[in-house]
2 protein chains.
Amino acid sequence: MSAGHTVVTTPARSAVIDEPVITCDTPQDECGVRDVLDRLGDRWSVYVIVELASGVKRFKQLQRAIPGAISQRMLTLTVRRLERDGLVKRTVYATVPPQVEYELTELGHSLTHLVKALADWSIAHRPAIAAAREEWDAENPDSSVR
Amino acid sequence: MSAGHTVVTTPARSAVIDEPVITCDTPQDECGVRDVLDRLGDRWSVYVIVELASGVKRFKQLQRAIPGAISQRMLTLTVRRLERDGLVKRTVYATVPPQVEYELTELGHSLTHLVKALADWSIAHRPAIAAAREEWDAENPDSSVR
DNA sequence: CTGCATCCTATCCGATACTG
DNA sequence: CAGTATCGGATAGGATGCAG
């Protein structure tokens, strides 16, 4: 009595291979990966790390060096957070006018390699990504996913 | 915040050795590093990449596997963007009910190593970061920087 | 099951003004 | 120069409802 529509059986479930990859079993603190990603996630932290990777810099120096014109407010917030996380060391000199120097800590430097690797990957694969985007956009003219 | 994929000049041949960290001389398009960071910056992309690193997964599988309870909306958006960037391949099966499989492309897999490295770093240094934060918070009881 | 559209909220971030 | 505080726009992201 059923209509003749074919119900396709779902194919075999993909067996979980072998790699736990990250082994995250604590949904609460989310494995702590967020601790880093949230930092790298904001707009400026990576640039600050990159700039400080080449040496000590003062506030204004930092601001000028960072591409995209970071506002004073955001630079302050960014360096404060990085300092709080122990990635950046802040040194205040009681001079007139005041002078504050920022530099990476040991911890901060250890992150530099990864950030650099990420940047290299980005640069190396940018053409591929750009091409993929153009192709996708061409095939999906009216998509809400930009 | 990604600028429209204009990909201008960018003479950054970037055959960088390992002295200059990122060699960014184009403030305009920000070296293209943003192209990647904007993806990694959002809350979920990294988790999707991590999950797909272990093999093909369906939509619902992905949603259940990701820690932190990603909403349906965000998972859809995230995988679409990754697909657009050529990092994820999407395969639709005309079954009832519908079934869609997601898997990393070659490009996506090449990013996996970096993402894993980042995750490893995060896990390894989480205690240090947590300690730094506690110390900082103790020394700055009434700070607006959380 | 997969996915889109809508509404609504939290947060990011820039602009601006003011202090030491 | 370095930093803080406030306002307001833009946007990421959750909840819900509906469609294929």
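Because only heavy atoms are used, hydrogens play no part in the values below, and waters and symmetry mates are left out as well, while side chains stay in. Naming: A, B, ... by sequence-line order, numbering from 1 per chain.
Arg84(A) meets the side-chain hydrogen bond (donor to acceptor under 3.5 Å, both in side chains) test with Asp137(B); sequence neighbours excluded. With sequence neighbours excluded, the residues forming a side chain to side chain contact (heavy atoms under 4.5 Å, CB included) with Glu135(A) are Glu139(A), listed by chain and number. The side chain to side chain contact (heavy atoms under 4.5 Å, CB included) check on Val92(B) picks up Arg90(B), Val100(B), with sequence neighbours excluded. Every residue meeting the side-chain hydrogen bond (donor to acceptor under 3.5 Å, both in side chains) condition with Thr91(A), not counting sequence neighbours, appears here in chain and number order: Lys89(A). Here Asp42(A) pairs with Ser45(A) under the side-chain hydrogen bond (donor to acceptor under 3.5 Å, both in side chains) rule; sequence neighbours left out. Not counting sequence neighbours, Arg81(B) has no partner by the side-chain hydrogen bond (donor to acceptor under 3.5 Å, both in side chains) test.
One hydrophobic cluster, built from ILVMFWY side chains closer than 4.5 Å, holds both Val88(B) and Val145(A).
If you take CG of Asp42(B) and C1' of dG13(D), they are 10 Å apart, rounded to a whole angstrom. Between the CG atom of Asp142(B) and the C1' atom of dT4(D) there is a distance of 13 Å, given to the nearest Å. Between the CG atom of Leu62(A) and the C1' atom of dG3(D) there is a distance of 14 Å, rounded to whole Å. When the C1' atom of dT2(C) is taken as reference, atom CD of Glu83(B) falls 14 Å away, rounded to whole Å. Protein atom CZ of Arg84(B) is 18 Å distant from nucleotide atom P of dG3(C), rounded to whole Å. The CG atom of Leu75(B) sits 16 Å away from the C1' atom of dA15(D) (whole-angstrom rounding). When the C1' atom of dT11(C) is taken as reference, atom CZ of Arg81(A) falls 10 Å away, rounded to whole Å. We find that CG of Leu77(A) is positioned 10 Å from C1' of dT4(D), with the value rounded to whole Å.
The side chain of Ser144(A) places an N or O atom within less than 4.0 Å of a non-bridging phosphate oxygen (OP1 or OP2) of dA5(C). Put simply, Arg58(B) has no side-chain N or O that comes within less than 4.0 Å of OP1 or OP2 on dC1(C).
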Table of protein N/O atoms under 3.5 Å from nucleotides 14-19 of chain C N/O atoms:
unit_1: dG14(C); atom_1: OP1; unit_2: Trp44(A); atom_2: NE1; d: 3.4
unit_1: dG14(C); atom_1: OP2; unit_2: Ser71(A); atom_2: OG; d: 3.1
unit_1: dG14(C); atom_1: N7; unit_2: Arg73(A); atom_2: NE; d: 3.2
unit_1: dG14(C); atom_1: O6; unit_2: Arg73(A); atom_2: NE; d: 3.1

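Pairs engaging residues 71-120 of chain A under the ring pair (Phe, Tyr, Trp, His ring centres under 6.0 Å) rule: none recorded [sequence neighbours left out]. Applying the ring pair (Phe, Tyr, Trp, His ring centres under 6.0 Å) test to residues at least two apart or on different chains, the pairs with a partner in residues 125-146 of chain B are Trp121(B)-His125(B).
Each end of the helix from dC1(C)-dG20(D) to dG20(C)-dC1(D) gets its own rotation axis from five pairs of C1' atoms, and the angle between them is 40° to the nearest 10 degrees.
Sequence order on DNA chain C of the closest nucleotides to Thr76(B) and Gly41(A) puts Thr76(B) first from the 5' end.
For residues 86-104 of chain A, proximity to DNA chain C is found at Pro98(A), defined as any non-hydrogen atom under 4.0 angstrom from a strand atom.
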Indicate every side-chain donor-acceptor pair of residues 72-80 of chain B with a distance under 3.5 Å to a residue at least two apart or in another chain.
unit_1: Thr76(B); atom_1: OG1; unit_2: Gln72(B); atom_2: O; d: 3.0
unit_1: Thr78(B); atom_1: OG1; unit_2: Met74(B); atom_2: O; d: 2.6

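Of all heavy-atom pairs between Asp85(A) and Leu107(A), the closest is O-CD2, 3.8 Å.
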